Amino acid sequence: MLTYDVLIVGSGGAGLYAALKSRIEEDLQVAVLTKVYPTRSHTSAAQGGVNAALANKDSTDTWEQHWFDTVKGSDYLADQEAAELMCREAPEVIREMEHWGCPFDRTKAGKIAQRPFGGASKPRACYAEDKIGHVMLHTLYEQGLRHGVNYFNEWVTLSLIHNGQRCLGVNALNTRTGQLHTIQAKAVILATGGYGRVYWNRTSNAYGNTGDGAALAYRAGLPLKDMEFVQFHPTGLRRTGILMSEGARGEGAYLLNALGERFMSRYAPDKMELAPRDLISRAIETEVREGRGGPDAEVFLDLTHLGMERILQRLPQIRQLCIGFEGIDPIEEPIPIKPTAHYSMGGIHTDINGLSPIEGIYAAGESGCVSVHGANRLGGNSLLDILVFGRRAGNHALEYARQNDFQPMITNPLATAEARIQKLMDGESQERTADIRREMGNLMAEKAGIYRVAADLKQAVAGLAELKVRFKRLKVRDKSKIFNTELVAALELENMLDVAEVISQGALERVESRGAHYREDFPKRDDKNWLKHTMATKGSDDRPILDFKPVTISRFQPEERTY
Amino acid sequence: MSEKIIPTREKILANIRIQRFTPDKDRTPYFDNFKVEVETGMTVLEALRLIKNQQDSSLTFRAFCRSAICGSCTVRVNADPVLACSTQLLPIIKDFGKASVTITPMSNLPILRDLVVDIDPVIEKLAKMHPYLMKNKERIPKTLEQESLMSQKELTQFGQLTDCILCGACFSTCSAVKVDKTYAGPLSFAKAYRFSIDPRDSFRGMRIQASMDQGLWSCVQCRKCIKVCPKDIRPADSIRDMRRIAIDDGIHDTPGSRRAKAYTDDVEKFGQVNKPMLPVIVNGTKGWAAIEAAEVGLKKHGLEVTRQVCKLPGQSGSAKVYSKIREIEKKGK
Ligand SMILES: Cc1cc2nc3c(=O)[nH]c(=O)nc-3n(C[C@H](O)[C@H](O)[C@H](O)COP(=O)(O)OP(=O)(O)OC[C@H]3O[C@@H](n4cnc5c(N)ncnc54)[C@H](O)[C@@H]3O)c2cc1C
Ligand code: SF4
Ligand code: SF4
Ligand code: FES
């Protein structure tokens, strides 16, 4: 049996930061287990920036203002002491990244450059052109090579093992050989990223952002927090959901419906295309619902009036993306777009050290929920979250591993994992992963997406139950042991079905509108009844049981969120 | 008045030919053909996924971000390595005329299954290059209270090189990798060079040594790596620049660097390269055998043998250029 003191599942920013922290100390055995090669993780896709009140651009910025912006942005659902900690530690982790060689852009004085971002009162997003996630991830990976971090690349974690009080390890599949392994570990840190793929084709997320960590934790009896909060970005490309950044609208792009009308005049006559993300997403949905969308239920982002010169000069990246991914040139025609699921606010419930209710099991990054983002994450705060809480989880897990011995492993730990895979191989019907997955994505986008209403959500819950029944009979046709991507996709689908169920149930029960969660039948925020976190655990009938937990308010009393 | 938007969207029924190989099933790779309705906007990756979802679920390939940033999905389309996720299929099919396209895995790497290759060799070679920043104590503050200072100009020197997504396209196409399995490959040199010119770094010497150990002078400058790179990294240029800093730093005791140095020294001295003597300069005493063999050949053709070229009339001009360069370099330092 493979044995490590600390095992980190996931190699995005959160996982690598945790790994590096524990590896630098050198006295413990640490390994990282990941579905993809480390630098492929979805952290690389982040473009805009990472927040820290360095005050390089505006000398009056302070971490307290960052803290307030974060809490306000969260629609007051963030735990204020957690948000405080994140904003306080931000400058230090960013400087550490910089000392490790991260190529941030520079100010005239040679310091880290900062740019303004939505919802931030000061320019505090540190950036590297439009590839901040990529350079951060590579910097962490490079330092990992230097310090000899061990990787298990292209291994898929299937389940968490614990004895009710303490962590014992995980079961995982080596996709190269098809072998199953139990890895014993004193501490496991789940850093598996978000669950945007629950909306399948309507997301900016990578194919593998299937909420594995959340599903693993849920099946192991751990609570998931605030899962119904999913942030939608208004302008994803029609076919792929790839983001057209806000920069386009900043340059003066119009949003047009299929009739060619600048429809934002109906929803935000003053701000028009520069209204907040959630408002625009809802406006687009309304246009499409009322029959003013294009042939594919899209609307259009129009740059043509800006002229070739301006587009080539100011928006070359956007143009490149349109040509490469959509096959159209925005100089000549409007870009077809749809709102796209972008960020998962919810996740595995943890305390401010990333610790779950079971000793030795941690979660960090987008897979965890401390909660610092509450009902709505601010741009640039997620990359910060993964660093700060990746580091904290790493440090805490190390201490825990130092002070505790390995616990006895349960007998035959692989049995359930083996049975699960065998069942998928022997499936009794002709059901295919691809079909169930597509139906799940459409169901979630239509019934539990941007607009939510009780009747729809009930249909989502019922529809998911049916899909789960169909899943039980699904058959994996590919019989090879080696690199069986069909099997991996089926395992991911199983995870997403569980996560989708928790999202829909939470959305159904939360009868208010807050941040990214918008109920047409309850359009107001309701602090009296709903200023609390949703906690979901798995019931004995396989259905989620919801419980609620108060929000920690230490400084800022809830006010109306206006910009 | 606003005008209705009617997007133009085309469709062509195409034949997609894909190389297959499953090690626990097949003895050798073979090709499968799939019919796919290719439409406006469809990428190579979308076509692969369509086939997997609807026709053959065992078709195996890698993909993750599907937005050209993770570097997972490199395959060869009609022999050229590309990112499947950012390559439009319709124009390729129209270009080709036959409504057909061939997809194969990257070359120069072992195939694991179908379009998936083992990229560990690439990473192992990269790891030997010290591909990380080693702190330069003069530039990086001791504590995390302060940032290190670096100008945008300094950053620009190596900024573009940080775009590499380790997609392996350059490795797949590289002429030097093809003939020499120990050659580090284009991306490793680009990465080594990126850190070597970062003013915050202190490990340049070690990296130059590591580069030489892994074939810095074996690159034939065919520049194919420049052509295929989806991120415009220009590894061949980094290799050239790495050679230059190796010589500048006086770390040049290799055949390739001796050749480069002989070229520049000769041009200054004679206005041309002293070709007859190159084998000895480059390869040491072993070179005499080559010179003698060449001389035998020349004599057979009745040609006169010489071991020293004459000064060309233009030599004084080139000497002037050299002294000017030295002057500039001095000022620069
Ligand atoms: C297009 C886009 C742009 C963004 N821009 C910004 C921005 O400008 N600023 C900002 O702050 N945030 C941004 N974000 C959000 C931010 O990038 C993410 O929230 C963050 O990178 C998540 O990091 P992570 O380490 O938690 O997870 P990820 O980077 O998603 O990594 C997850 C890891 O877990 C592994 N994994 C998952 N499941 C398993 C399993 N079962 N077994 C083994 N390994 C597994 C994966 O292999 C991967 O290595 C953006 C997000 C997107 C999609
Ligand atoms: S220029 Fe050099 S590194 Fe680039 S492909 Fe040719 S031989 Fe390889
Ligand atoms: S240098 Fe270019 S082609 Fe080579 S791995 Fe990096 S991004 Fe890919
Ligand atoms: S899928 Fe990530 S680069 Fe193509």
Side-chain angles (χ1 to χ4, degrees), chain A residues 36-37 39-42 44-45 54 92 95-96 98-101 103 105-106 109-112 128 131 134-135 138 142-143 145-146 176 206-208 238-240 242 256 258-262 294-295 300 321 323-328 333-334 336 432-434 477-478 480-483 485-486, chain B residues 2-5 7 22-25 40-43 46 52-54 57-58 60-61 63-72 85-88 90 112-113 116 119 123 127 130-135 140-141 144-152 155 158-159 162-163 165-166 195 198 200-201:
Chain A
V36 293
Y37 276 82
T39 53
R40 315 294 192 219
S41 304
H42 206 52
S44 64
L54 296 173
E92 194 176 295
R95 285 187 209 117
E96 185 163 39
E98 200 266 346
H99 289 192
W100 280 334
D105 275 328
R106 320 303 294 193
K111 292 182 152 192
I112 296 171
K131 50 177 191 193
H134 165 83
V135 296
H138 279 254
E142 289 153 6
Q143 290 298 319
L145 284 177
R146 173 176 164 207
R176 281 213 187 176
Y207 289 124
R238 166 186 71 114
R239 299 180 65 90
T240 51
I242 289 170
L256 304 179
L259 305 174
E261 299 165 332
R262 272 182 84 185
F300 300 87
L321 289 174
I323 293 173
F325 296 104
E326 192 66 41
I328 66 134
E333 52 182 312
R432 295 195 289 203
T433 301
R477 287 164 178 74
D478 185 350
S480 174
K481 287 246 177 223
I482 295 168
F483 229 92
T485 46
E486 189 191 355
Chain B
S2 49
E3 242 175 89
K4 258 198 180 165
I5 299 174
T22 301
D24 48 357
K25 188 168 130 263
T40 306
M42 186 183 263
T43 59
E46 279 181 81
K52 187 174 178 67
N53 290 348
Q54 295 175 3
S57 59
S58 70
T60 305
F61 49 88
F64 203 64
C65 71
R66 57 91 184 84
S67 55
I69 191 68
C70 79
S72 301
C85 69
S86 63
T87 304
Q88 286 287 312
L90 197 64
L112 292 179
R113 187 176 175 187
V116 174
I119 63 154
I123 305 290
H130 311 289
Y132 35 74
L133 190 93
M134 293 290 281
K135 286 178 191 170
I140 297 190
L144 295 178
E145 299 294 299
Q146 278 172 346
E147 298 162 31
S148 38
L149 298 180
M150 175 166 71
S151 68
Q152 187 69 21
L155 172 66
F158 64 87
T162 65
D163 276 5
I165 55 175
L166 305 180
F195 283 110
D198 189 321
R200 299 167 298 177
D201 177 75

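Note that the structure is a prediction, hence the values are computed from the model and not measured.
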Which residue out of B:Ala68, B:Ser67, B:Pro23, B:Ser151 racks up the most heavy-atom pairs below 4.5 Å with chain A?
-> B:Ser67
Identify which of B:Gly159, B:Ala63, B:Pro141 forms the greatest number of heavy-atom pairs closer than 4.5 Å to chain A.
-> B:Pro141
Option in B:Asp163, B:Ile123, B:Asp198 with maximal non-hydrogen atom pairs under 4.5 Å from chain A | B:Asp163
B:Ser72 versus A:Arg40, closest heavy-atom pair with distance | OG-CD, 3.3 Å
Here the gap from B:Ser86 atom OG to A:Ile242 atom CD1, rounded to the nearest 0.5 Å, amounts to 9.0 Å
Between A:Arg432, A:Lys481, A:Arg262, the one whose heavy-atom pairs under 4.5 Å with chain B are most numerous | A:Arg432
With a 4.5 Å cut-off on heavy-atom pairs, point out which of A:Gly294, A:Gly324, A:Ala434, A:Gly208 contacts chain B the most.
-> A:Gly324
Hey, does the side chain of A:Gln143 reach the backbone of B:Leu133 with a donor-acceptor pair shorter than 3.5 angstrom?
-> yes
Checking A:Glu486 side chain against B:Ser58 main chain: does a donor-acceptor pair fall under 3.5 Å?
-> no
CZ (A:Arg146) and OH (B:Tyr132) are apart, to the nearest 0.5 Å, by 7.0 Å
NE2-CG distance between A:His99 and B:Leu144, expressed to the nearest 0.5 angstrom | 6.0 Å
So, do A:Thr240 and B:Glu46 sit near enough that their side-chain heavy atoms are less than 4.5 Å apart?
-> yes
The single option from B:Lys52, B:Lys25, B:Arg113 that satisfies salt bridge (Lys or Arg N to Asp or Glu O under 4.0 Å) with A:Asp478 is B:Arg113
Atom group of A:Glu326 that falls short of 4.5 Å from chain B, counting heavy atoms | backbone
Value for CE (B:Met42) from CZ (A:Phe325), rounded to nearest 0.5 Å, stands at 15.0 Å
When the 4.5 angstrom heavy-atom criterion is applied to A:Lys111 and chain B, the contacting part is both
A:Ile323 versus chain B, the contacting section by heavy-atom distance below 4.5 Å = backbone
For chain A, find which of B:Val116, B:Thr22, B:Thr87 contributes the most heavy-atom pairs closer than 4.5 angstrom.
-> B:Val116
Smallest separation among heavy atoms of B:Thr40 and A:Gly327, with atom names = CG2-O, 4.2 Å
Shortest non-hydrogen contact from B:Leu149 toward A:Ala109 = CD2-O, 3.9 Å
For B:Thr162 against A:His134, the heavy-atom pair lying closest together = O-NE2, 2.8 Å
Which atoms of B:Phe61 come close to chain A, meaning under 4.5 Å heavy atom to heavy atom: side chain ones, backbone ones, both, or neither?
-> backbone
Which region of A:Phe483, side chain (C-beta onward) or backbone (N, CA, C, O), has a non-hydrogen atom less than 4.5 Å from a non-hydrogen atom of chain B, or is it both or neither?
-> both
Where the side chain of A:Arg106 meets the backbone of B:Leu155, is there a donor-acceptor pair that is under 3.5 Å apart?
-> no
Part of A:Thr433 within contact of chain B (heavy atom distance under 4.5 Å) = neither
Could you tell me whether a side-chain N or O of B:Glu147 sits under 3.5 Å from a main-chain N or O of A:Ile112, the two making a donor and an acceptor?
-> yes
Applying a strict 4.5 Å limit to non-hydrogen atoms, the region of B:Gln146 in contact with chain A is backbone
Can you name the nearest heavy-atom pair linking A:Leu145 to B:Ala127, along with the distance?
-> CD2-CB, 4.3 Å
Tell me, side chain or backbone of B:Ile140 under 4.5 Å from chain A's heavy atoms, or both, or neither?
-> side chain
Enter the distance from A:Ile482:CD1 to B:Leu112:CG here, rounded to the nearest 0.5 Å.
-> 8.5 Å
Donor-acceptor pair, A:Arg239 side chain versus B:Thr43 backbone, under 3.5 Å?
-> no
Beyond-backbone contact of B:Ile165 with A:Thr39, side-chain heavy atoms, under 4.5 angstrom | no
Under-4.0 Å salt bridge between A:Glu98 and B:Arg200 | yes
Look only at the side chain of A:His42 and the backbone of B:Cys70, and say whether a donor-acceptor pair between them is shorter than 3.5 Å.
-> no
Scored by heavy-atom pairs under 4.5 Å with chain B, the best of A:Pro334, A:Ser44, A:Ser41 is A:Ser44
Output for pair (A:Ser480 OG, B:Asp24 CG), nearest 0.5 Å, gives 3.5 Å
Determine the minimum heavy-atom distance between B:Phe158 and A:Pro103, stating which atoms define it.
-> CE1-CB, 4.2 Å
With a 4.5 angstrom heavy-atom cut-off, which part of B:Leu166 approaches chain A: side chain, backbone, both or neither?
-> both
